Amino acid sequence: YPTWKRTLTRRAREAQMKRFCKAQAIQRRLEEIEVTFRELEQQGIKLEKLLRDEEGTLADQKTQWMNQLLYLVQKKNSLMSEESDLMITVQELKLEEQQWQLDQKLRCYMNKEESLKTPEDRAAEQKILAQLLDVVNKRNVLIHMQEEKRLSEL
């Protein structure tokens with residue numbers, strides 16, 4: 001292997017490892033969000049019961065419970081938004097990995113001498129190129145979705 005091929009191989013492995021670590025971190029965060037959802041749900045149920053069952057309580061106490069309930073709803077909405085962002089990131093990581101794999105296959109065909117390529121090789125190369133363009137377009141759609149979401153939150 002010439003030096004540049006080893007460098008490319010090393011960089012590809014590093015990028016793949018980075019994607020893997022990022023996917024693990026996202027998975028952990030999604031699990032944390034799920035646990036927090038359950039906790040918020042339980043707190044919300046308790047507050048709703050308090051609001052419905054306690055007819056003789058002071059208006060100040062009911063207002064405080066109502067504010068707590070609204071805070072829980074706001075926190076849940078915030079977590080749902082974060083979960084949505086993470087799911088988009090997961091899709092982006094999958095597409096990135098798919099793009100890398102297709103790129104590797106395409107390089108194998110492109111490195112082959114043109115005179116040695118069979119019609120099947122040329123067809124496979126075109127097919128991989130089409131798949132690669134499809135993946136790039138899907139990644140582009142995800143980026144636009146993230147941008148639209150960010151703008152709507154502003």
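Model, not experiment: these values are computed from the prediction.
The backbone N or O of T118 lies less than 3.5 Å from a partner atom in the side chain of D121, making a donor-acceptor pair.
The neighbour count for R10 CZ, taken as heavy atoms of other residues, nucleotides or ligands under 6.0 Å away, is above 12. For K112, the NZ atom sits in a packed shell: over 12 heavy atoms of surrounding residues, nucleotides or ligands are nearer than 6.0 Å. Under a cut-off of 6.0 angstrom, the local environment of CD in Q74 is sparse, with at most 12 non-hydrogen atoms contributed by other residues, nucleotides or ligands. More than 12 non-hydrogen atoms from other residues, nucleotides or ligands lie less than 6.0 angstrom from NZ of K149.
In this structure, the separation between CG on L142 and CG on N137 is 11.5 Å, given to the nearest 0.5 Å. For the atom pair CG of L129 and CG of L132, the computed distance is 6.5 Å after rounding to the nearest 0.5 Å. The structure places CG of N77 at 11.0 Å from CG of L72, a figure rounded to the nearest 0.5 Å. Put simply, CG on D134 and CG on L95 are 9.0 Å apart, with the number rounded to the nearest 0.5 Å. In this structure, the separation between NZ on K127 and CD on E120 is 13.0 Å, given to the nearest 0.5 Å. Summarising the geometry, atom CG belonging to L40 is positioned 10.5 Å from atom CG belonging to L47; distances are rounded to the nearest 0.5 Å.
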- Task: Take M87 and L30, measure what side-chain contact (heavy atoms from CB on, under 4.5 Å) needs, and give me the verdict at the end.
- Result: CA-CA 9 Å; M87 295 307 288; L30 287 172; 3.8 Å; yes
- Item | Stepwise side-chain contact (heavy atoms from CB on, under 4.5 Å) check, E48 with I45 | CA-CA 5 Å; E48 281 186 46; I45 289 170; 5.7 Å; no
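Counting only heavy atoms from C-beta outward, the side chains of Q131 and Q98 never approach each other to under 4.5 Å. The closest side-chain heavy-atom distance from L93 to I26 is below 4.5 Å. Inter-residue side-chain proximity for E14 and M17 is flagged as unmet; no heavy-atom pair is nearer than 4.5 Å. In this structure, T36 and I33 have side chains that are not in contact, with every pair of non-hydrogen atoms separated by 4.5 Å or more. Contact annotation: the side chain of Q146 approaches that of T89 to within less than 4.5 Å [non-hydrogen atoms, C-beta and beyond]. Inter-residue side-chain proximity for K76 and E41 is flagged as met; some heavy-atom pair is nearer than 4.5 Å. Counting only heavy atoms from C-beta outward, the side chains of Y71 and Q68 never approach each other to under 4.5 Å. Between D60 and Q64 there is no side-chain heavy-atom pair separated by less than 4.5 Å.
A salt bridge between R122 and E114 is present, with a side-chain N of the basic residue lying under 4.0 Å from a carboxylate O of the acidic one. The pair K117-E125 meets the salt-bridge criterion, since a charged nitrogen lies less than 4.0 angstrom from a carboxylate oxygen.
Nearest approach of L51 to L69, heavy atoms of both residues: CD1-CD2, 4.0 Å. F37 and L79 make their closest contact through CE2-CB, 3.7 Å (heavy atoms, listed as atom of the first residue, atom of the second, distance).
Among the candidates E97, Q99, Q104, the single residue satisfying the side-chain contact (heavy atoms from CB on, under 4.5 Å) test with Q101 is E97.
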